[in-house]
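Beneath this line is the structure, given in structure tokens, with notes to follow.
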Number of protein chains: 2
Amino acid sequence: MGADLKSAKERFVESWGQMGGAWGINKTMARVHALLMISDAPLTADDIMKELAVSRGNASMNLRALVDWGLVRRASLPRDRKEYFVSEKDAWTMCCRIARERKKRELEPVISAIDDCLKEAGSDKEAAAFRKKLNELLELVRLLDFVLGKVGNQERAAVLPKVLTLLKAMA
Amino acid sequence: MGADLKSAKERFVESWGQMGGAWGINKTMARVHALLMISDAPLTADDIMKELAVSRGNASMNLRALVDWGLVRRASLPRDRKEYFVSEKDAWTMCCRIARERKKRELEPVISAIDDCLKEAGSDKEAAAFRKKLNELLELVRLLDFVLGKVGNQERAAVLPKVLTLLKAMA
DNA sequence: TCATACTTTCAATTATTTCTGAAATAAGTG
DNA sequence: CACTTATTTCAGAAATAATTGAAAGTATGA
């Protein structure tokens, strides 16, 4: 591989890791994801360990997490007992998977929590302002939840036109 | 304040902190924000220190960060040399500020990074697949950037109706 | 102006998260 | 089944991030 290409790939992997970190995702997990995305062929855990200089355990755990997120899948080649990993190929599908997981992991729990707070706060006059604010936030979080739910269920081809329509209306 | 109301507020503050953490935001920063959101009156650094059991320095730094994000503003009362802090009141405006900041801090740098990678990768046949994948990701990140840009520029009243209308169309 | 009440900063500390490596487990092979 | 090779797990180590507290910096009202 040309030196420039190699270095460009490394740069991309690092940037993707950086971004992951900013959004609350393990940096190594994001780097593994990046590596798989730009790899033409399936990779083994050893390939990843070597490429990113991480331990076997680390590679294993992050690969599992990526599989749990639906961003990577396992693949085994016949007549080879090694396990291979392949990234979801399509960027839009990836985006949908991420939306689905974040909705489930991070929005739904907040919605429940706010609901519980509303219940616990009671209906005293004293709590009125608090309830009002909570309801306002709930509306917002629910809308986000709804949006991510929609995105999470879309198929690749369906997303782009709809998003663009939406943007036009907002312009 | 009734015991239930107090405990409901505490629960909310903790949940909000939790959520912040999941999205890559300092947990204490999110708790301070939550506290200010549900507080009727402006609070001083001392109020926050006491309420959340954090040090003066910690309170100061996280308050500054919230001000930088445009989620909180400083307010001073005449004949009182203390500084007070008030949360942005409107949840939608808050949402817009967050969109704006995250776009600036976390999407724009990734766009530049991918651009740089494309430049560095060169135009060899060997790099074709890499360029293709990068362009696909770039399209996606740019769209997200565009969406956040739109949201970040909206004013309160304008956002909700438009988003809701379009969501119905997507149903 | 200046004493003082308040705020910010930052080196040191503490807490949390992430990572490693080796042991345990599983899976494929002959 | 016994053996080999691949994978997972997890306790401890390392790295990173958050927090403290005290010194330095500011601004206000008398």
Side-chain angles (χ1 to χ4, degrees), chain A residues 13-36 41-69 72-86 105-106, chain B residues 13-36 41-69 72-86 105-106:
Chain A
V13 168
E14 291 314 311
S15 301
W16 203 252
Q18 197 64 32
M19 182 181 63
W23 291 87
I25 281 160
N26 181 310
K27 223 170 125 224
T28 298
M29 176 173 154
R31 292 199 307 149
V32 173
H33 184 213
L35 188 61
L36 285 167
L43 299 181
T44 63
D46 286 85
D47 296 332
I48 288 157
M49 287 166 60
K50 187 153 167 257
E51 204 66 45
L52 304 181
V54 297
S55 70
R56 185 171 297 287
N58 197 4
S60 174
M61 286 190 299
N62 282 303
L63 281 166
R64 174 221 277 272
L66 284 165
V67 171
D68 288 347
W69 275 68
V72 164
R73 50 178 208 290
R74 295 165 191 278
S76 22
L77 269 58
R79 118 174 28 255
D80 186 346
R81 68 167 60 168
K82 273 202 209 62
E83 194 151 33
Y84 287 80
F85 294 89
V86 193
R105 294 168 194 229
E106 289 136 22
Chain B
V13 168
E14 292 314 310
S15 302
W16 203 253
Q18 197 63 33
M19 182 181 62
W23 292 86
I25 281 160
N26 180 310
K27 222 169 125 223
T28 297
M29 177 174 155
R31 293 198 305 149
V32 172
H33 183 213
L35 188 61
L36 284 167
L43 299 181
T44 64
D46 286 85
D47 296 332
I48 286 157
M49 287 165 61
K50 189 156 166 252
E51 204 66 46
L52 304 181
V54 297
S55 72
R56 186 171 298 287
N58 197 2
S60 174
M61 286 190 297
N62 285 117
L63 282 165
R64 174 224 276 272
L66 284 165
V67 170
D68 288 346
W69 276 67
V72 163
R73 47 179 211 289
R74 294 164 191 278
S76 24
L77 270 57
R79 137 169 8 259
D80 184 347
R81 69 168 57 169
K82 271 200 209 63
E83 194 149 33
Y84 287 79
F85 294 88
V86 193
R105 294 169 192 228
E106 288 136 24

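When reading the values below, keep in mind they use all heavy atoms of this one structure, side chains included, and skip hydrogens, waters and symmetry mates. On a predicted model such as this, the values are computed, not experimentally measured, just so you know. Chain naming here is simple, since letters A, B, ... match the order of the sequence lines and numbering starts at 1 in each.
Note on B:Ala53: only backbone sugar-phosphate atoms sit closer than 4.0 angstrom, heavy atoms only; bases stay farther off.
Of the inter-residue distances, the one linking B:Phe85 atom CZ with B:Leu66 atom CG reads 9.5 Å to the nearest 0.5 angstrom.
For B:Arg64, the side-chain contact (heavy atoms from CB on, under 4.5 Å) partners at least two apart in sequence or on another chain are B:Asp68, B:Arg74. Applying the side-chain contact (heavy atoms from CB on, under 4.5 Å) criterion to B:Asp47, with sequence neighbours excluded, gives B:Leu43, B:Thr44. Annotation: side-chain contact (heavy atoms from CB on, under 4.5 Å) contacts of B:Glu51 (sequence neighbours excluded): B:Leu35. For A:Thr28, the side-chain contact (heavy atoms from CB on, under 4.5 Å) criterion is met by A:Asn26, A:Arg31, A:Val32, A:Val54, A:Asn58, A:Asn62, not counting sequence neighbours.
Within a 6.0 Å radius of CD in A:Gln18, no more than 12 heavy atoms belonging to other residues, nucleotides or ligands are found.
Going from atom CG of B:Leu66 over to atom P of C:dT8 covers 13 Å, rounded to whole Å. Rounded to whole Å, the distance from CG on B:Leu77 to P on C:dC6 is 13 Å. Spacing between atom CG of B:Asp47 and atom C1' of C:dT7 amounts to 15 Å, rounded to whole angstrom units.
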Table of protein N/O atoms under 3.5 Å from nucleotides 5-9 of chain D N/O atoms:
| unit_1 | atom_1 | unit_2 | atom_2 | d |
| --- | --- | --- | --- | --- |
| D:dT5 | O4' | A:Arg81 | NH1 | 2.8 |
| D:dT7 | OP1 | A:Glu83 | N | 2.6 |
| D:dT8 | OP1 | A:Arg74 | NH1 | 3.2 |
| D:dT8 | OP1 | A:Arg74 | NH2 | 3.3 |
| D:dT8 | OP2 | A:Ser60 | OG | 3.1 |
| D:dT9 | OP1 | A:Arg64 | NH2 | 2.6 |
| D:dT9 | OP2 | A:Arg64 | NH2 | 2.3 |

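Using a 4.5 Å heavy-atom threshold, the side chains of A:Trp69 and A:His33 count as separate. A 4.5 Å side-chain heavy-atom check between A:Lys82 and A:Leu77 finds every atom pair outside the cut-off.
Less than 4.0 Å separates DNA chain C from no heavy atom of any residue of residues 25-36 of chain B.
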